[in-house]
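Below is one structure; the comments refer to it alone.
Protein chains get the first letters and strands the later ones, always in sequence-line order, with residue 1 at the start of each. Values in this document were obtained by computation on a predicted structure and should not be read as measured data.
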2 protein chains.
Amino acid sequence: MKNIENEIDGKELKSKTEWFVTHCRRAGLKVTPQRIAVYQELLKTNEHPSAEILYQKVKQIFPSISLDTVNRTLVTLSEIGAAFVVEGSGDAKRYDAGSDKHQHFKCIKCRRIIDFHHKPFDDIKIPAYINDKFKVLRKTVYIEGICDLCDK
Amino acid sequence: MKNIENEIDGKELKSKTEWFVTHCRRAGLKVTPQRIAVYQELLKTNEHPSAEILYQKVKQIFPSISLDTVNRTLVTLSEIGAAFVVEGSGDAKRYDAGSDKHQHFKCIKCRRIIDFHHKPFDDIKIPAYINDKFKVLRKTVYIEGICDLCDK
DNA sequence: TTGGCAAATAGGAGCAGCTACTATATAGTA
DNA sequence: TACTATATAGTAGCTGCTCCTATTTGCCAA
């Protein structure tokens, strides 16, 4: 298996940035150069960077930016759906005995995790090249969005 | 949508505990009352508890247990597949612009996140009761297991 | 059953990463 | 251009996990 390609060309970077700017305005957020820089660095990489890594990159453009700003920006971006926290990273670990079949919906605003069970999701077929290379212990469908309580 | 039911009866608790005990022995792990208590508390709940929450519960049985033991136990359980981390990692958050279609495989040992792209996973149908109640922004298939480098 | 030892535990210290706070600066608007 | 609400930089503090050490305990062998 090879890594998927995610190199972004100038044209796509520009169009996504334009989408981002209008999306910010619509959400009542100010469009600051720091926000754009963080967003663009995130677009340019394929490696699920941490706030720290992004901070290092953005710092080359804005030497005075603080790590806190990067963190706050990332939280803001994930609240408007312009960025996502890769599942299973950050915050306190949450455990599960893993016995019962169920899937998770996670609200990106309140971070609530809501269980649901949709039978077809239990029988998802894993591609052979994954099974050949890795020992699969768990597979699940993971849905993110905004829950009923937050969407008002 | 109602929460799925996960209340466990005494008989099931007992049989799962027996499985756990033999599973520990096979893995060369000592069967300590603390381990059993943590595992059973995890079986009894439906709420994806954090280490802290489990610690509070187990403490009612073993007042002298330490949070560190609960944490270590959970790591151990997840290494033998008796528990799973459903959310969070305790490490730094990892971000993704969420634009390109891809799925993640996460190694539970080295925590590496490996991207892959399996076209059928892009077209997963979300059940209507999810779409009706929540605003879905992202859906993905998430696979966990042991990667080629760690499985030696 | 008992003794010995490797493994596990309790408790505390330490560390990483996120979050809250305050003064200053800046984007958006009239 | 001036005003105001929002964002930023810098720092301090908090949370949650991990490391360390001394002590205890499960498990095997005699």
### Query
Relative to the 5' end of DNA chain D, which residue comes earlier, Glu52(B) or Lys30(A), by the nucleotide with the nearest heavy atom?
Lys30(A)
## Note on the structure
Between CZ of Arg35(A) and P of dA9(D) the distance, given in whole Å, is 11 Å
### Query
Where the side chain of Thr32(B) is concerned, which of dA7(D), dT9(C), dC27(D) is the nearest nucleotide?
dT9(C)
### Query
Does the distance from a Lys or Arg side-chain N to an Asp or Glu carboxylate O, for Glu144(B) and Arg138(A), drop under 4.0 Å?
yes
### Query
About how many Å separate CG of Asn71(A) and CD of Glu52(A), when rounded to the nearest 0.5 Å?
9.0 Å
### Query
How would you label the contact of Ile65(B) with the nucleic acid (heavy atoms, under 4.0 Å): base, sugar-phosphate, or nothing?
sugar-phosphate
## Note on the structure
Of the listed dC27(D), dG11(C), dA27(C), the closest approach to the Ser66(B) side chain comes from dG11(C)
### Task
Choose from dG17(C), dA10(C), dG16(D) the nucleotide whose nearest atom is closest to any side-chain atom of Ala92(B).
dG17(C)
### Task
Would you check if the side chain of Lys59(A) reaches a backbone N or O of Leu54(A) as a donor-acceptor pair within less than 3.5 Å?
no
### Task
Round to a whole Å and report the spacing from CG of Asp91(B) to C1' of dA16(C).
9 Å
### Query
Quick one: does Thr45(B)'s side chain have a donor or acceptor within less than 3.5 Å of a partner on Glu47(B)'s backbone?
yes
### Message
What contact category does Pro33(B) fall into here, base, sugar-phosphate, or nothing, at under 4.0 angstrom with non-hydrogen atoms?
### Response
sugar-phosphate
### Query
Can a donor-acceptor pair under 3.5 Å be found between the side-chain atoms of Asp68(B) and the base atoms of dC17(D)?
no
### Task
Please state how far atom CG in Leu67(A) lies from atom C1' in dT19(C), giving the value in whole angstrom units.
11 Å
### Query
Would you say Arg94(B)'s side chain and Val86(A)'s backbone share a donor-acceptor pair under 3.5 angstrom?
no
## Note on the structure
Tyr39(A) OH to dA7(D) P, in whole Å, measures 18 Å
### Task
Say whether, by atom type as modelled, one donor and one acceptor occur between the side chain of Lys93(A) and the main chain of Pro49(B) under 3.5 angstrom.
no
### Query
What is the ring orientation for Phe116(A) with Tyr129(B), classed by angle as parallel under 30°, tilted 30 to 60°, or perpendicular over 60°?
perpendicular
### Query
Tyr55(A) OH to dC18(C) C1': how many Å, rounded?
14 Å
### Query
When you match Val31(A) and Phe62(B) each to their closest nucleotide on DNA chain C, which lands nearer the 5' end?
Phe62(B)
## Note on the structure
note: Lys59(B), atom NZ; dT9(C), atom P; distance rounded to Å ~ 16 Å
### Message
Output the rounded distance in Å from NZ (Lys93(A)) to P (dG17(C)).
### Response
13 Å
#### Entry: Residue-phosphate contact under 4.0 Å: Arg25(B) side-chain N/O, dG26(D) OP1/OP2
no
### Summary
Gln34(B) has its side chain closest, among dC27(D), dA27(C), dA10(C), to dA10(C)
### Message
Below 4.0 angstrom, which residues in residues 69-76 of chain B have at least one non-hydrogen atom near DNA chain C?
### Response
Thr69(B), Arg72(B)
## Note on the structure
Nearest-nucleotide check on DNA chain D, Ser50(B) vs Leu29(B); residue mapping nearer the 5' end is Ser50(B)
### Message
Using whole Å, what does the distance between atom P of nucleotide dT15(D) and atom CD of Gln56(B) come to?
### Response
13 Å
### Query
According to the interplanar angle, ranging from 0 to 90°, do the rings of Phe121(B) and His118(B) count as parallel (below 30°), tilted (30 to 60°) or perpendicular (above 60°)?
perpendicular
